[in-house]
> 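Please see the structure below; I have some questions.
Every number for a ligand or one of its atoms is a count from 1 in the order of the listing. Fair warning: this is a prediction, and the values are worked out from it, not measured in the lab.
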Amino acid sequence: MADARIAILFSGRGSNLQALIDAVSQSDFPAEVVLAISNRPKAPGLEIASKSGVPQSVIDHKDFQSREDFDAALDEVLHMAKVDYVCLAGFMRMLTPGFVNDWRGKLVNIHPSLLPAFKGLHVHERMIDSGVKIAGCTVHFVSAEVDAGPIIGQAAVPVLPSDSAETLAARILEQEHKLYPACLRLLAESKARLSGGSVPFDSSVIATGEISNPPTEKT
Ligand code: GAR
């Protein structure tokens, strides 16, 4: 079977972009990153794409009158590159229901919480403030609602009493960089798929992380 053709969409730092590019560059990974797309011309992640030799494209949302126009341009670029799967990696822009529907089952996202808890922004601060003891990250198929849709995999980490939003974010990010490539591999190998409104639960659905019971401070 031909390698799956992947596009990665991002808006900022690009650490998940880097993790996916690194994973896919392994010879046994049945996928190829054919395009990295930023909606922000100054996104630091563009440098990562350049250094890795991945073709890149900037589609600046400010150049478009409406979300529909922006998504139409995005859709055209993705089709021209014959993309099989689209990975949102810190892509901080809402997509229209039409775009999401057209790419249903092919469009995935990573979010730094154990969804459906803590959708949206300022996730790490909100988790600390709420007093939850377990946090983590989720890779999921995208649906019309932000940070929602059938879950492909999750990784859990403890929230430690000494945590700040920054230390918790760093612990979760470490797991994001493992979870996203693992989930992309499942997609590329056709082991994870959207069926009706869910991902059939079999041994290929990923539940992982670094939870011990009770969570203890690392020394
Ligand atoms: C990541 O933590 C990702 O989970 C989050 O943005 C960050 C991007 O970092 N995504 C969301 O919050 C989506 N709602 P990165 O640019 O270093 O990959």
> Could you check whether any side-chain N or O of Ser11 sits under 3.5 Å from a backbone N or O of Met92, counting only pairs where one atom can act as donor and the other as acceptor?
yes
> Do any nitrogen or oxygen atoms of Asn109 come within less than 3.5 Å of a nitrogen or oxygen of ligand 1?
no
> Which residue holds the protein heavy atom closest to atom 10 (N) of ligand 1, what is that atom called, and what is the gap in Å?
Ile110 O, 3.5 Å
> Check each of Ser15, Pro112, Ser113 against atom 17 (O) of ligand 1 and report the one with the nearest heavy atom.
Ser15
> Evaluate the ring planes of Trp103 and His79, with Trp represented by its six-membered ring, and classify them as parallel (under 30°), tilted (30 to 60°) or perpendicular (over 60°).
tilted
> Report the part of Asp147 in contact with ligand 1, treating N, CA, C, O as backbone and CB onward as side chain, heavy atoms under 4.0 Å; options are side chain, backbone, both, neither.
side chain
> Within the supplied structure, the quantity of interest is the number of heavy atoms (other residues, nucleotides, ligands) at a distance under 6.0 Å from Glu76 CD; does it exceed 12?
no
> Below 3.5 Å, N or O to N or O, backbone or side chain included: is there any such pair between Gly14 and ligand 1?
yes
> Just checking, any donor-acceptor pair under 3.5 angstrom between side chains of Thr96 and Glu68?
no
> Would you please say whether a donor-acceptor pair under 3.5 Å links the side chains of Gln56 and Ser50?
yes
> At less than 4.0 angstrom from any non-hydrogen atom of Gly90, what atoms of ligand 1 do you find?
6 (O), 8 (C)
> Is any side-chain heavy atom of Lys82 closer than 4.5 Å to a side-chain heavy atom of Val34?
no
> Relative to the heavy atoms of Met92, which atoms of ligand 1 are at a distance of less than 4.0 Å?
11 (C), 12 (O)
> So does Asp60 pair up with Lys42, basic N to acidic O under 4.0 Å?
no
> Considering non-hydrogen atoms of the protein only, which is the closest contact for atom 9 (O) of ligand 1, and what is the distance?
Arg13 NH2, 3.1 Å
> Counting only heavy atoms, tell me which of Gln18, Lys119, Glu176 gets closest to atom 1 (C) of ligand 1.
Glu176
